[in-house]
Protein chains: 2
Amino acid sequence: MSQKEITIYDIAEALNLSPATVSRGLKDHPAIRKDTRKRIFDKAKEMGYQQNHFASNLRRSRSNTIGVIVPRLNSYFMASVISGMEKVANAAGYNLIISQSIESKDKEMTNVKTLYNSRVDGLLVSLAYDTETISHFDLFLNKGIPLIFFDRVFEHPQCTSIIIDNYKAAYEVTQHMIQQGCRRIAHITADIKRNVYSERLRGFKHALLDAMLPYDEELVFFSNLSEQAGAEVTQRILALPQLPDGIFCANDTTAVSCIATLKQAGIKIPEQIAVTGFNNDPLSKVIEPNLTTLNYPGQEMGELAAATLIRKLDSKEGGSLNTIVLRHDLIVRESSLRKKV
Amino acid sequence: MSQKEITIYDIAEALNLSPATVSRGLKDHPAIRKDTRKRIFDKAKEMGYQQNHFASNLRRSRSNTIGVIVPRLNSYFMASVISGMEKVANAAGYNLIISQSIESKDKEMTNVKTLYNSRVDGLLVSLAYDTETISHFDLFLNKGIPLIFFDRVFEHPQCTSIIIDNYKAAYEVTQHMIQQGCRRIAHITADIKRNVYSERLRGFKHALLDAMLPYDEELVFFSNLSEQAGAEVTQRILALPQLPDGIFCANDTTAVSCIATLKQAGIKIPEQIAVTGFNNDPLSKVIEPNLTTLNYPGQEMGELAAATLIRKLDSKEGGSLNTIVLRHDLIVRESSLRKKV
DNA sequence: TTGAAAGCGCTAACAA
DNA sequence: TTGTTAGCGCTTTCAA
């Protein structure tokens, strides 16, 4: 069964070298002769050597592992993000340990501890729904272990944030709706503790004000942006004494369920009410009418987050980066197109 | 900055015990007095002790880490699976290292090696599109490291497989279509190297034959089941001298893009052509007409895979399990409902 | 019920 | 350019 593992001692013995030399040779230490290095590599391959990461990690107090905390794994957006992270991390020789906060601050705190115990070299985090402070990350910050936020971020001098310009994006969405003739727009969003929602709300508000339209707090609805919440809030909107002529949802899931509910109520979209979303989920291209939404690159965000972290880890540079903003674009589809071109 | 880490030596010293006793106390060794154990625990908490997994792993040659290889991360189904795995693994004190084969056998082989080097305690695998043999897993099998397949599995005496009954499921879908009056059904699927597709094809075929309908190989189309492939194959179907009256797609992505293409061509669904999918992706509830599909529980599959592996690891039992079959159910929606009820 | 001691495999400071 | 040596923190055998 389990034959003995080959260690650098075995290679050293076979080659009449010291383990130290073998260790150096294996990792391209500059002070090793080209040919001995080659001999070491060849012999290692021949003997089927596999480096023991635990020993190495123990010795170097480093794990080559990155911890990831996300609210939920099972959305298209998040899956794309993780996919991007995995790609970059894997190529750079890092492993990912992924955990979900299931939108709960408490679980997030537990995850932080677990990852701390796993001695991850750095952390990639998108915050839970109800997280208010980030003091539970002090464990990491105090030790100087890099922490990078993406998407749902928190301003902190020690941390880099990777985001899109949610303010501008929401501004563009709203502006587009106004251009399409909407004058009374509702906004369905989530807790503004999270930057992504507060910024979108701000963009929404300013776009209205800049167009000399009133900003009516009665038309701003807070929910958890689930499919169910979309239906519920839409029912409340339908019960309003005066219907809005546009609904801007802070994600596509909600927008889709909003459209479905409106259609059931016999409302014509976009003629009576225009609807827009956020995320460019695959759903948006399938719902009828196709959903106008805001695209932002999950995969790239993941890649960038991982790459930024790894750069910090490998070279100790990049510490001055505070915020990285990714591009976004408005995707106009039928659900908001009230003016024939 | 980085204050010294607390080790069992520090606890031992503070308590005037030996490190060995502390080590035992910390892990509920039976030969430790209740009260000393309590003292150890209290002191450990007080001093902020965190166990060093590397040292422990090095010593025990065990990692408390599970390797996962999936074709792709960015689908709703796979995200659910991973989510389930993470939940179970996390609760049991295991970490997950996730890697993607991006549907390539070569990348899969690389991933296997990487995970082997990471000394994972076990492996959870869904095979890549073009994997033909599983000899690249011998590294693991020869050492007796457990390997569990899920969804896209491979028969092997040493491995447990976690699947649904794809044959029966596809049979039910096809039977349903026949009951709805379809007499000439096309099937869009993928490479039958993968059990999920070969079994579905088999179920499709037998359902036809059992209903005394002809099985026409010309009506079976192989593709990679992407959105694009769905559109392309549908175009080919539309060019057929005689149109089918039903199309059974082996996943929902393809079914959705198939429906879109048919609608563009002015075909009425389900009246002229009924369409069915597989997976119960969120898309299926949004496309119009809503898609008849086959539901199977990704989250549960993930949970079960992880739980089965962990049971093997923790107690060395469960070795006799060869196949675990999860339930599935047909979800009938408009896209196949040709008979008014 | 506890302790002493060795060693898991690797790295790095220092020496040669 | 290579070797010697110590030690990372933990577990476990053997002894007490």
Side-chain angles (χ1 to χ4, degrees), chain A residues 2-41 43-44 47-65 93 116-121 143 314, chain B residues 2-41 43-44 47-65 93 116-121 143 314:
Chain A
S2 92
Q3 68 282 38
K4 196 186 152 303
E5 305 276 350
I6 304 293
T7 73
I8 52 173
Y9 286 90
D10 301 318
I11 301 178
E13 198 177 355
L15 251 33
N16 238 297
L17 286 169
S18 79
T21 306
V22 175
S23 171
R24 291 190 188 103
L26 252 13
K27 53 180 51 56
D28 285 0
H29 190 104
I32 295 286
R33 279 224 317 272
K34 280 252 163 57
D35 61 323
T36 40
R37 203 187 47 163
K38 178 152 175 22
R39 280 169 58 220
I40 293 171
F41 266 103
K43 184 57 86 178
M47 301 177 72
Y49 169 76
Q50 310 276 13
Q51 106 132 300
N52 186 320
H53 292 293
F54 300 136
S56 163
N57 290 340
L58 173 59
R59 185 54 227 247
R60 295 180 310 142
S61 314
R62 214 148 160 334
S63 67
N64 269 277
T65 299
Y116 183 75
N117 284 343
S118 298
R119 304 286 209 274
V120 296
D121 293 337
K143 286 193 68 180
D314 284 358
Chain B
S2 93
Q3 69 281 36
K4 197 184 151 303
E5 304 275 351
I6 304 294
T7 72
I8 53 172
Y9 285 90
D10 300 319
I11 301 178
E13 198 177 356
L15 251 34
N16 238 297
L17 286 169
S18 79
T21 306
V22 176
S23 171
R24 291 191 187 102
L26 252 13
K27 53 181 50 56
D28 285 1
H29 190 104
I32 294 287
R33 279 225 317 274
K34 280 253 165 56
D35 62 322
T36 41
R37 204 188 47 161
K38 177 149 175 26
R39 280 169 60 220
I40 292 171
F41 267 103
K43 185 56 88 177
M47 300 177 74
Y49 170 76
Q50 310 276 12
Q51 106 134 302
N52 186 319
H53 293 291
F54 300 135
S56 162
N57 290 340
L58 173 59
R59 187 53 227 250
R60 295 180 311 139
S61 313
R62 215 152 160 329
S63 68
N64 269 276
T65 299
Y116 183 76
N117 285 343
S118 298
R119 303 284 209 277
V120 295
D121 293 336
K143 286 193 68 180
D314 283 359

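Every chain is numbered from 1 and lettered A, B, ... according to where its sequence line falls, protein lines coming before strand lines.
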Enquirer: Give the rounded distance in Å between these two atoms: CZ of B/R60 and C1' of D/dT13.
Expert: 17 Å

Enquirer: Would you mind telling me which of D/dC10, C/dG3, C/dG9 lies closest to the side-chain atoms of A/E5?
Expert: C/dG9

Enquirer: Among the candidates D/dT2, D/dG9, D/dT12, find the nucleotide nearest to the side-chain atoms of B/A55.
Expert: D/dG9

Enquirer: Do the side-chain N or O atoms of B/T36 get closer than 4.0 angstrom to the phosphate oxygens (OP1, OP2) of C/dT2?
Expert: yes

Enquirer: Would you tell me if any nitrogen or oxygen in the side chain of A/S18 comes within less than 4.0 Å of OP1 or OP2 on D/dG3?
Expert: yes

Enquirer: Run A/D121 and A/S63 through side chain to side chain donor-acceptor pair (under 3.5 Å) and show every step you take.
Expert: CA-CA 6 Å; A/D121 293 337; A/S63 67; 3.2 Å; yes

Enquirer: Between B/R37 and B/D28, is there a side-chain heavy-atom distance shorter than 4.5 Å?
Expert: yes

Enquirer: Which part of the nucleic acid, if any, lies within contact of A/I32, taking any heavy atom under 4.0 Å across all strands shown: a base, the sugar-phosphate backbone alone, or nothing?
Expert: sugar-phosphate

Enquirer: Which nucleotide in the list D/dT12, D/dC10, C/dA12 gets nearest to the side chain of B/Y49?
Expert: D/dC10

Enquirer: Please report, rounded to the nearest Å, how far the C1' atom of D/dT1 is from the CG atom of A/L17.
Expert: 11 Å

Enquirer: Would you check if B/K43 and B/Y49 make a side-chain contact, meaning some heavy-atom pair closer than 4.5 Å?
Expert: no

Enquirer: Quick check on DNA chain C: between B/S61 and B/N16, whose nearest nucleotide comes earlier from the 5' end?
Expert: B/N16

Enquirer: Across the strands shown, which category fits A/L58 at heavy-atom distances under 4.0 angstrom: base, sugar-phosphate, nothing?
Expert: base

Enquirer: Tell me whether B/R119 contacts the main-chain N or O of A/F54 through its side chain, where contact means a donor paired with an acceptor under 3.5 Å.
Expert: no

Enquirer: So what does A/S56 hit on the nucleic acid, given a heavy-atom distance under 4.0 Å: a base, only sugar-phosphate, or nothing?
Expert: sugar-phosphate

Enquirer: Within the 4.5 Å heavy-atom criterion, are A/N64 and A/R62 side-chain neighbours or not?
Expert: yes

Enquirer: Side chains of B/T36 and B/K38, heavy atoms from C-beta outward: is any pair under 4.5 Å?
Expert: no

Enquirer: Nearest of D/dG3, D/dC10, D/dT1 to any side-chain atom of A/A31?
Expert: D/dT1

Enquirer: Could you tell me the separation between the CD1 atom of A/I8 and the C1' atom of C/dG9, rounded to a whole number of Å?
Expert: 7 Å

Enquirer: The side chain of A/R24 is closest to which nucleotide in this list: C/dG3, D/dG3, D/dT1?
Expert: D/dG3

Enquirer: When you measure from the side-chain N and O atoms of A/Y9 to the phosphate of D/dG3, is any distance below 4.0 Å, counting only OP1 and OP2?
Expert: no

Enquirer: Nearest whole angstrom, please: distance from the C1' of C/dC10 to the CG of A/N57.
Expert: 10 Å

Enquirer: Take atom CD of B/E13 and atom P of C/dA4, then tell me their distance rounded to the nearest Å.
Expert: 13 Å

Enquirer: Just the rounded figure in Å: distance from C1' of D/dT2 to CD1 of A/I11.
Expert: 16 Å

Enquirer: Below the 4.0 Å mark, does D/dT2 have OP1 or OP2 next to a side-chain nitrogen or oxygen of A/R33?
Expert: yes

Enquirer: From CG of A/D10 over to P of C/dC10, roughly how many Å is that when rounded to an integer?
Expert: 9 Å

Enquirer: In whole angstroms, how far is the P atom of C/dG9 from the NE2 atom of B/H53?
Expert: 20 Å

Enquirer: B/T21 side chain N/O closer than 4.0 Å to the phosphate oxygens (OP1, OP2) of C/dG3?
Expert: yes

Enquirer: Quick one: does A/R37 reach the base of D/dT2 with a side-chain donor-acceptor pair under 3.5 Å?
Expert: no

